[in-house]
Structures are given as structure tokens and as C-alpha cells.
Q: 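There's a structure below that I have some questions on.
Throughout, numbering of the chain's residues begins at 1 and tracks the sequence.
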Amino acid sequence: MGAEGGLRERKKQRTRTAIADTAIEMFLESGFDEVSCAEIAARAEVSKPTLFKYFPTKEDLVLHRIIDHEQEAARVVRDRRSGEAPLNALRRHFLAALDAHDPITGLNDDPEVLALHQMFETTPSLSARVLGFVAKGAEELAAALVDAGAVSGGVAARVAAHQVIITLRVLAEENLRELAGGRALDEVHPEAVAAARRAFAMLRAALDAA
């Protein structure tokens, strides 16, 4: 790609980011269902066709914040250290994310992050899309676990993968619940780490049984 092509791509990315940031700002101000795509386009100073070129649906304006995490568990397994067991890699990755206060772990007290999680939970169309992401992520993880030789294929792989994905969601939801209840991040952190260690021990027992 030449200099001109690279500049074009950077301009597109800036436009995409500006539209999405504007949309999220408006959703947090007024509520997801109360803001139209036309209003977002107007404030972002783009046309509606341009908005839909970057984000085919209204939900995509929010979901782009988590789309990179859709196949994260599968990537962790595929990119694990030589000789490292898949579940150990997933455990190490999640504990590191807790220490980094990655929003995907729920252990992040930034007001915007908390508000976005609340919007996901209380907006049916967003919740439905998130469930779709979860299901796809589990299928990708199942394939990665099979490739790694951690489980056999078929039902065993799918059950194992869904157990992992749901466990990660439960851990994140619990962290969010504690922070939303007013507890301090530093207070919740050690409890979140302990809960993650217990959860992965339970996963280990389940996978060994499988």
C-alpha cells in the first residue's frame, strides 16, 4: 500500500472512530433507544449513508468496542507458549488482564466503562447481539481446543469451550456488580484474583473429567 493508500485508510479509521465515539457519548447521555442514527450522523457531521457504511446497524456503533474480544479465548489457546496447556494459558491471560484492569474482566471502575456495561445489560437488542458473540467465541474456542489436543471433537469440545466462556463472563459480571455497588477497585482486585483461581480450578476438574 502506497503513501496515498495509507493516508486514505487512516482517514477512514479516524472517521469511523469519530462516529462511534459520538454515538456512545449520545447513548450515555440519553439512552440507546432514545437516540436515532440520523441524530448521530448530524452531530458527527457525516451523512446517514456514510454512518451505515462504517456501521451497518445501530448496535454496531457500540459493539465495535468488544468485537476484538470475540475470538480472544481461541487466540490465547492458539498463541500459547510452547508446552503450555490451553487452560493454563487462558488462566494466565485472564489473571494478567485483571492486573491490567482490562474492561473485559469487569475490573475497571472508569465511569464510562461501567455505564457501557450497564447499557449492554439493559438494552435487549444489545444483549441479544452479545449472546451471539459469546456463542461464536465458544465455537472458535472449541476448534482451538481440539487443535491443541486438549479435548476430543464434537460435543465434548463444545461443552468444554462453553464452560470456559461462561466462566469468564460470570467472573466479569461479578466484578462489575461489586464495583457498581460502590466498592473500591483496590478492594475488589484481590477477591477477583482469588475467584478466578477457584474458577479455573473448577474448570480443570471438569476438563479432566471430560
Q: Test side chain to side chain contact (heavy atoms under 4.5 Å, CB included) on L107 and E178 and set out the steps.
A: CA-CA 9 Å; L107 196 65; E178 293 296 327; over 6 Å; no
Q: Assigning hydrophobic clusters by single linkage (Ile, Leu, Val, Met, Phe, Trp, Tyr; side-chain heavy-atom cutoff under 4.5 Å), is I66 placed with I19?
A: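 Yes: a chain of side-chain contacts under 4.5 Å links I66 to I19.
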Q: Below 4.0 angstrom, N of the basic side chain to O of the carboxylate: do D21 and R14 qualify?
A: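 The answer is no: the pair does not qualify as a salt bridge.
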Q: I would like to know whether F120 and S127 meet side chain to side chain contact (heavy atoms under 4.5 Å, CB included); could you show each step before the answer?
A: CA-CA 6 Å; F120 278 125; S127 297; 5.6 Å; no
Q: How close do P124 and T122 get, heavy atom to heavy atom, and via which atoms?
A: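 Shortest heavy-atom separation between P124 and T122 comes out as CD-O, 3.5 Å.
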Q: Would you call E29 and R43 a salt bridge, using N to O less than 4.0 angstrom?
A: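 A salt bridge is present here (some side-chain N lies under 4.0 Å from a carboxylate O).
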Q: Quick one: closest heavy-atom pair of A160 and L145, and the distance?
A: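 The pair with the smallest heavy-atom distance is CB-CD1, 4.3 Å.
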Q: For the side chain of D79 and the backbone of V76, is there at least one donor-acceptor N/O pair under 3.5 Å apart?
A: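 Between the backbone of V76 and the side chain of D79 there is no qualifying donor-acceptor contact (under 3.5 Å).
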Q: Minimum heavy-atom separation for S152 to A157, with atom names?
A: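 That would be O-CB, 3.3 Å.
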Q: Following the transitive rule for hydrophobic clusters with a side-chain heavy-atom cut-off under 4.5 Å over Ile, Leu, Val, Met, Phe, Trp and Tyr, establish whether L63 and F52 coincide in one cluster.
A: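 Yes; tracing contacts between hydrophobic side chains, which count when under 4.5 Å, links both residues.
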Q: Using the test side chain to side chain donor-acceptor pair (under 3.5 Å), find all partners of D99 that sit at least two apart in sequence or belong to another chain.
A: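 Applying side chain to side chain donor-acceptor pair (under 3.5 Å) to D99 gives H189.
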Q: I need the minimum non-hydrogen distance between L185 and L179, along with the two atoms involved.
A: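 Answer, listing the atom of L185 first, then L179: CA-CD2, 3.9 Å.
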Q: Checking H93 against E72: is there a side-chain donor and acceptor pair closer than 3.5 Å?
A: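 Checked: E72/H93 side chains pair up, N/O donor to acceptor below 3.5 Å.
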Q: Can a donor-acceptor pair be found between the side chains of T17 and Q13 at a distance below 3.5 Å?
A: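 There is such a pair between these side chains.
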Q: Roughly how far apart are K53 NZ and K12 NZ, rounded to 0.5 Å?
A: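 Taking NZ in K53 and NZ in K12, the distance rounds to 5.5 Å.
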Q: A side-chain contact here means heavy atoms from C-beta on lying under 4.5 Å apart; do D60 and I67 qualify?
A: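 In short, these two side chains do not touch, never coming nearer than 4.5 Å.
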Q: Could you check whether any side-chain N or O of N175 sits under 3.5 Å from a backbone N or O of T105, counting only pairs where one atom can act as donor and the other as acceptor?
A: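 Yes, because the side chain of N175 sits within donor-acceptor range (under 3.5 Å) of the backbone of T105.
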Q: With distance as the sole test, does N108 use its side chain to make a donor-acceptor pair with the main-chain N or O of H101 at under 3.5 Å?
A: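 Looks like yes, one N/O pair under 3.5 Å.
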Q: Write down the atom of R80, the atom of A148, and the distance for their closest heavy-atom approach.
A: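 In terms of heavy atoms, the two residues are closest at NH2-CB, 3.5 Å.
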Q: Show the numbers, then the answer: is there a salt bridge (Lys or Arg N to Asp or Glu O under 4.0 Å) between E39 and K48?
A: CA-CA 9 Å; E39 291 170 327; K48 271 186 69 177; over 6 Å; no
Q: Can you tell me how far the CZ atom of R129 sits from the CD atom of E59, to the nearest 0.5 Å?
A: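 Taking CZ in R129 and CD in E59, the distance rounds to 6.0 Å.
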Q: Would you say that R183 contacts E191 through its side chain, given a criterion of any heavy-atom pair below 4.5 Å between the two side chains?
A: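 The answer is yes; the side chains approach within 4.5 Å.
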Q: I'd like a table of donor-acceptor pairs (distance under 3.5 Å, sequence neighbours excluded) in which one partner is a side-chain atom from residues 83-92, with atom names and distances.
A:
residue	atom	partner	partner atom	Å
E84	OE1	R81	N	3.2
E84	OE1	R92	NH2	2.9
E84	OE2	R92	NE	2.9

Q: Is any side-chain heavy atom of F133 closer than 4.5 Å to one of H69?
A: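 Counting from C-beta outward, H69 and F133 never come under 4.5 Å.
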Q: Check whether any side-chain heavy atom of M202 sits under 4.5 Å from a side-chain heavy atom of Q163, and report yes or no.
A: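 Not touching, per the 4.5 Å side-chain cut-off.
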Q: Does a side-chain heavy-atom distance below 4.5 Å link H64 with R16?
A: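 Of all side-chain heavy-atom pairs linking R16 with H64, at least one is under 4.5 Å.
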Q: Taking E139 first and then K136, would you say they form a salt bridge - that is, a charged N and a carboxylate O separated by under 4.0 Å?
A: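 Salt bridge flag = no for K136 with E139.
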Q: Closer than 3.5 angstrom, by distance alone: can the side chain of T22 be matched with the main-chain N or O of A44 as a donor-acceptor pair?
A: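 No.
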Q: Does atom CZ (R78) have a neighbourhood of more than 12 heavy atoms from anything else shown, all under 6.0 Å?
A: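 More than 12 heavy atoms, drawn from other residues, nucleotides or ligands, come within 6.0 Å of this atom.
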Q: Okay, side chain of T123, backbone of L126: is any donor-acceptor separation there less than 3.5 Å?
A: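 No.
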Q: Kindly indicate whether the side chain of D110, heavy atoms from C-beta on, has any atom under 4.5 Å from the side chain of L114.
A: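 A side-chain contact is absent here, since even the closest heavy-atom pair is not under 4.5 Å.
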Q: Indicate yes or no for a side-chain donor-acceptor contact from R197 to the backbone of A194 under 3.5 Å, with no hydrogens or angles considered.
A: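 Answer holds: no.
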Q: If hydrophobic clusters are built by linking Ile, Leu, Val, Met, Phe, Trp and Tyr wherever their side-chain heavy atoms come under 4.5 Å apart, do F200 and V193 end up in the same one?
A: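 In one cluster with F200: V193, yes.
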Q: Looking at residues at least two apart in the chain, or sitting in another chain, which of them share a side chain to side chain contact (heavy atoms under 4.5 Å, CB included) with A196?
A: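 By the side chain to side chain contact (heavy atoms under 4.5 Å, CB included) rule, A196 matches F94, L95, L98, L171.
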Q: Find the distance between CE (M119) and CD (E112) and round it off to the nearest 0.5 Å.
A: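 Reported to 0.5 Å precision, the distance equals 9.0 Å.
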Q: Can you tell if the side chain of F32 reaches within under 4.5 Å of the side chain of S125, non-hydrogen atoms only?
A: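 A side-chain contact under 4.5 Å exists here.
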Q: Do V46 and F55 share a hydrophobic cluster (ILVMFWY, side-chain heavy atoms under 4.5 Å, transitive)?
A: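 Linked, V46 and F55 end up in one cluster.
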Q: Mind checking whether R169 and V130 have side chains closer than 4.5 Å, heavy atoms only?
A: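 In short, these two side chains touch, coming nearer than 4.5 Å.
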Q: Are L203 and V146 linked, directly or through intermediate hydrophobic residues, by side-chain heavy-atom contacts shorter than 4.5 Å (ILVMFWY only)?
A: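 In one cluster with V146: L203, yes.
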Q: Considering all heavy atoms of both residues, which atom of I40 and which atom of L61 are nearest to each other, and what is their separation?
A: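 Between these two residues, the closest heavy atoms are CD1-CD1, 3.8 Å.
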